[in-house]
Amino acid sequence: MSECKNCPSAEGCESKEKGGCSFEALNTFSSIRHVVAVMSGKGGVGKSSVSVLLAREMLRRGKKVGILDADITGPSIPRLVGIPAGSHCQQNDKGILPILSGDGIAVVSLNFFLANENDPVIWRGPMLSGAVKQFWTDVYWGDLDYLFIDMPPGTGDVVLTVMQSMPLSGAVVVSTPHDVASMVVAKSVHMAHKMGIHVLGVVENMAYIRCPDCGKQIRLFDEAPLHALLAETHLPLLGSLPMLPEVAALSRGDGEPLDKDTAATLADIGGLLEKALDVPACP
Ligand SMILES: Nc1ncnc2c1ncn2[C@@H]1O[C@H](COP(=O)(O)OP(=O)(O)OP(=O)(O)O)[C@@H](O)[C@H]1O
């Protein structure tokens with residue numbers, strides 16, 4: 001259990017007085033200022049892509065950033081940040097060492113512990129949760145400003161473990177404009193609220209495409225479901241990202257630059273996160 005010393009939520013935390021803390025202790029040699037979960041009830045909406053885009057935006061702001069790939073059975077972060085297949089974590093006397101992406105993001109993913117990245121992970125819930133906890137307790141993250149946690153889809157064991165055992169500073173919810181996505185995403189927002197997690201807002205992904213001739217934004221789907229989600233959950237829209245070949249090509253790891261508008265949207269989202277995380281959440 002946590003010893004408070006290097007817990008990102010230690011300041012103003014009353015858990016000790018209230019009879020204990022359920023968080024796992026972070027690796028003794030590490031210190032992390034903000035832990036941000038990137039989540040969505042729905043699969044395939046772009047959690048991993050948005051995790052990487054947010055991490056890069058925070059790097060651009062001069063921050064030290066890591067990504068904990070909590071999507072144990074479908075890890076995609078190593079690919080998205082361009083870490084070569086077959087890379088394996090080393091260990092020293094301080095703990096397991098994350099692997100650094102070319103641009104300097106510290107990454108830990110189950111893929112780094114598999115003999116072959118195509119090996120399936122056929123584990124039951126407790127094993128999956130145990131692995132995620134170890135990524136927190138046994139990894140020597142060093143000093144980070146932001147650790148993004150790329151959550152698996154749904155509201156299952158691993159998501160519950162992250163929410164219960166890591167002191168999250170906040171969560172960013174990713175949704176696409178589709179009606180079904182909004183409905184399923186609402187479930188994960190309600191879960192987060194029930195667990196007392198500060199949900200910072202929603203990133204709408206694949207919101208529109210841009211006409212290559214005139215540059216006009218074309219929304220392919222109705223905005224109503226997203227607005228209904230925002231109204232029902234009382235969350236702000238942090239920003240809308242387009243469907244973009246450069247985002248789909250993140251896995252090529254060649255860091256193709258994003259267009260000016262998308263970069264500006266990410267800069268806005270980064271600014272909102274910094275601002276929201278520097279003030280304590282409402283009780
Ligand atoms: N804005 C975007 N433009 C184009 N393609 C995108 C965009 N966002 C995500 N994608 C593509 O959609 C697919 C799913 O994205 P991603 O893996 O980030 O989603 P996910 O929510 O993390 O998925 P999972 O639920 O499986 O973990 C990927 O092929 C990714 O390249």
Side-chain angles (χ1 to χ4, degrees), residues 26-27 29-39 46-92 94-119 121 131-132 134-136 138-152 162 166 169 172 174 203 205 241 244-259 262-263 265-267 269-270 273-274:
L26 174 65
N27 165 271
F29 303 99
S30 303
S31 110
I32 301 175
R33 218 166 133 236
H34 294 302
V35 186
V36 180
V38 180
M39 56 180 278
K47 290 175 295 299
S48 306
S49 307
V50 169
S51 299
V52 171
L53 292 171
L54 293 180
R56 287 195 177 150
E57 171 54 27
M58 290 315 190
L59 275 187
R60 194 187 67 78
R61 289 168 175 264
K63 308 296 181 191
K64 285 184 253 165
V65 185
I67 303 181
L68 186 163
D69 190 352
D71 198 348
I72 302 287
T73 55
S76 45
I77 296 295
R79 274 280 176 105
L80 292 177
V81 298
I83 294 175
S87 301
H88 289 104
C89 282
Q90 305 295 313
Q91 191 159 1
N92 69 12
K94 293 182 173 163
I96 297 166
L97 301 173
I99 295 186
L100 277 191
S101 67
D103 48 9
I105 302 171
V107 176
V108 170
S109 170
L110 197 77
N111 264 8
F112 301 154
F113 300 87
L114 301 177
N116 182 332
E117 72 161 2
N118 295 332
D119 291 344
V121 175
V132 170
Q134 272 191 282
F135 288 174
W136 178 255
D138 297 0
V139 169
Y140 173 43
W141 290 100
D143 292 338
L144 293 182
D145 295 304
Y146 291 92
L147 178 69
F148 290 97
I149 303 187
D150 179 26
M151 299 281 244
V162 170
M166 294 172 203
S169 318
V172 169
V174 181
V203 172
N205 191 27
L241 296 169
L244 212 61
E246 292 82 350
V247 176
L250 277 181
S251 59
R252 290 214 306 262
D254 49 9
E256 249 182 88
L258 298 170
D259 65 278
T262 309
T265 303
L266 283 165
I269 298 173
L273 289 193
E274 278 202 281

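- Contact check for L68 versus V108: no side-chain heavy atoms found under the 4.5 Å cut-off.
- Shortest non-hydrogen contact noted between R56 and L250 is NH1-CD2, 3.2 Å.
- Residues satisfying the side chain to side chain donor-acceptor pair (under 3.5 Å) test with N111, not counting sequence neighbours, are none.
- Applying the side chain to side chain donor-acceptor pair (under 3.5 Å) rule to D69 yields the partners S109; only residues at least two apart in sequence or on another chain are considered.
- Every side-chain contact (heavy atoms from CB on, under 4.5 Å) that N118 has, sequence neighbours left out, goes to N116.
- The nearest pair of heavy atoms linking I105 to A55 is CD1-CB, 3.8 Å.
- Heavy atoms only, all atoms of each residue included: P98 and Y140 are closest at CD-O, 3.2 Å.
- For the residue pair W136 and V35, the shortest heavy atom distance occurs at CH2-CG2, 3.8 Å.
- In this structure, the side-chain contact (heavy atoms from CB on, under 4.5 Å) partners of L244, at least two apart in sequence or on a different chain, are P242, E246, V247, L258, D259, T262.
- Shown are I96, N27, L110; of these, the side-chain contact (heavy atoms from CB on, under 4.5 Å) with F135 is made only by L110.
- For R61, the salt bridge (charged side-chain N to carboxylate O under 4.0 Å, His left out) criterion is met by E57, E274, not counting sequence neighbours.
- Residues satisfying the salt bridge (charged side-chain N to carboxylate O under 4.0 Å, His left out) criterion with D119, sequence neighbours excluded, are absent altogether.
- At least one side-chain heavy atom of V121 sits under 4.5 Å from a side-chain heavy atom of L114.
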request  = Start with the C-alpha gap between C89 and L97, add the side-chain angles, then the distance that decides, and say whether side-chain contact (heavy atoms from CB on, under 4.5 Å) holds.
outcome  = CA-CA 6 Å; C89 282; L97 301 173; 5.9 Å; no

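- Residues I149 and M166 are in side-chain contact: their nearest non-hydrogen atoms beyond the backbone lie under 4.5 Å apart.
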